[in-house]
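See structure below.
Computed from heavy atoms alone, side chains included, the values below leave out hydrogens, waters and symmetry copies.
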Amino acid sequence: MSNAVKTETLTKKKKGESAQVLYKVFIYIALILLAVSIIVPVGWVFLASLKQSYEFSTGNPWALPAGFYFQNFIDAWNTARMGSYIGNSIIVTILALLLLLVMALPAAYALSRMEFRGRKILNLCFTAGLFINVSYIAVPIFLQLNDASKWVKSVFGGLDGIFLNNLLVLAIVYAATALPFTIYLLSGYLATLPHDFEEAAYIDGAGYFKTMTRIIFPMAKPSIITIILFNFLSFWNEYIVALNLMTDQSKYTLPRGLVDLVSAGHSPQELGRLYAGLVLAMLPVLILYICVQKKLTQGMTVGGLKG
């Protein structure tokens, strides 16, 4: 190889390395800016929740709090009834997740691992459900439940509005509306798992239920954790359906109660309590994400082994 060719090759190599370095620098800068755009507002809310009322009216909004004024959290928990709202949200979210898993896991297993008549039509129906936003059908859901409550009252009496202001009914609505996305995500993951383990279980005498619960679901643990986290966030932050179905303040969920807190938080005396309430709403989500971060990443990026 001549010197000219060698020189040209080295030049191209250096240019390629320089372009790769510039690309990495651009990516890192973009990621840093994105992280800052998220961390700064969240950090500001945490700091604002520790400020006293006079600091909002006279001080610099970006200034650090003069001290740690934890009374805001006590007032938000007791006076603003955040404790009650958080308790209702916990009940609804846990019930909705349990109902969702009980319905979605067997359905996803059957649709992804079995062949039966009508399977394609069912898959098509669940896929079509992905395009329906629950916010668009909140009013029809309310009308149906309201009519059902009136019918129950007319038949049995003394059960006025039984399907409204009901945490269990709200959890059922959440679970039902989350089924299409959950089944779609689980089916895609379960379809990638090898069939060798199932065949071995059948040879050993295991039935469909035992094979599903003892073999397939443990292998799909990363995907199950992923859908639990996604749906937890959806149920915890849902507002439109709760706004329509919950009119009794004692049954408000956290987003529904936060709206009242925000409405009352325009004066400096209420701002500290407002930001403390926002922090209380964010903490469970942050804690859950920290606990399952690795499993979440694995469930989003790793498929099953090919058989």
Side-chain angles (χ1 to χ4, degrees), residues 92-149 151 163-164 166-195 198 208-209 211-213 216-217 219-246 253 255-256 296-304 306:
V92 171
T93 301
I94 291 177
L95 285 175
L97 286 174
L98 290 175
L99 290 170
L100 179 63
L101 292 176
V102 168
M103 293 185 291
L105 286 173
Y109 174 75
L111 291 172
S112 62
R113 314 289 292 184
M114 297 180 180
E115 294 289 341
F116 56 90
R117 184 177 299 177
R119 174 174 170 267
K120 291 184 179 180
I121 296 177
L122 287 175
N123 267 321
L124 182 62
C125 291
F126 283 115
T127 303
L130 295 172
F131 300 95
I132 301 176
N133 191 312
V134 65
S135 301
Y136 304 155
I137 59 174
V139 174
I141 291 174
F142 165 78
L143 294 175
Q144 287 181 327
L145 293 176
N146 188 44
D147 290 342
S149 297
W151 180 83
F163 295 118
L164 301 176
N166 190 317
L167 297 180
L168 176 59
V169 172
L170 183 61
I172 293 174
V173 172
Y174 283 173
T177 54
L179 270 176
F181 169 76
T182 304
I183 291 177
Y184 174 79
L185 191 64
L186 281 174
S187 297
Y189 189 93
L190 294 178
T192 65
L193 299 179
H195 290 269
E198 286 174 298
Y208 288 114
F209 181 79
T211 302
M212 177 180 67
T213 55
I216 300 301
F217 289 168
M219 295 173 64
K221 185 178 178 181
S223 180
I224 294 174
I225 292 177
T226 300
I227 62 106
I228 288 175
L229 180 60
F230 280 168
N231 285 298
F232 174 87
L233 295 175
S234 176
F235 300 156
W236 187 262
N237 296 318
E238 201 286 321
Y239 170 69
I240 300 298
V241 175
L243 174 65
N244 285 273
L245 301 187
M246 298 292 159
T253 56
R256 181 71 177 87
L296 174 64
T297 305
Q298 183 180 359
M300 295 175 64
T301 58
V302 181
K306 299 297 181 181

If every non-hydrogen atom of Ile183 is compared with every non-hydrogen atom of Ala108, which pair is closest and at what distance?
O-CB, 4.2 Å

Take Tyr189 and Thr226 through the side chain to side chain contact (heavy atoms under 4.5 Å, CB included) test and state the conclusion after the steps.
CA-CA 11 Å; Tyr189 189 93; Thr226 300; over 6 Å; no

So does Phe163 get a backbone contact from the side chain of Ser149, meaning a donor-acceptor N/O pair under 3.5 Å?
yes

State whether the number of non-hydrogen atoms from other residues, nucleotides or ligands found under 6.0 Å of Phe116 atom CZ is greater than 12.
yes

I need the minimum non-hydrogen distance between Asn123 and Thr127, along with the two atoms involved.
O-OG1, 2.7 Å

Under 3.5 Å, is there a donor-acceptor pair between the side chain of Thr177 and the main chain of Tyr174?
yes

Looking at every non-hydrogen atom in both residues, tell me the closest pair between Leu185 and Ile227 and how far apart they are.
CD2-CG2, 3.1 Å

Can you confirm whether more than 12 heavy atoms, excluding those of Tyr239, are under 6.0 Å from its OH atom?
yes

Nearest 0.5 angstrom please: Ile94 CD1 to Leu99 CG, how far?
12.0 Å

Is there a donor-acceptor pair closer than 3.5 Å between any side-chain N or O of Ser234 and the backbone N or O of Phe230?
no

For Ala191 and Ser112, work out which heavy atoms get closest and say how close.
N-CB, 4.1 Å

Grab the two heavy atoms, one from Thr253 and one from Ala242, that are nearest each other, plus how far apart they are.
OG1-CB, 3.5 Å

Could you check whether any side-chain N or O of Asn146 sits under 3.5 Å from a backbone N or O of Phe142, counting only pairs where one atom can act as donor and the other as acceptor?
no

Are any non-hydrogen side-chain atoms of Leu111 and Leu190 less than 4.5 angstrom apart?
no

Nearest heavy-atom approach of Ala175 to Met103 is CB-CE, 3.9 Å

Any donor-acceptor N/O pair, Arg113 side chain to Met212 backbone, under 3.5 Å
no

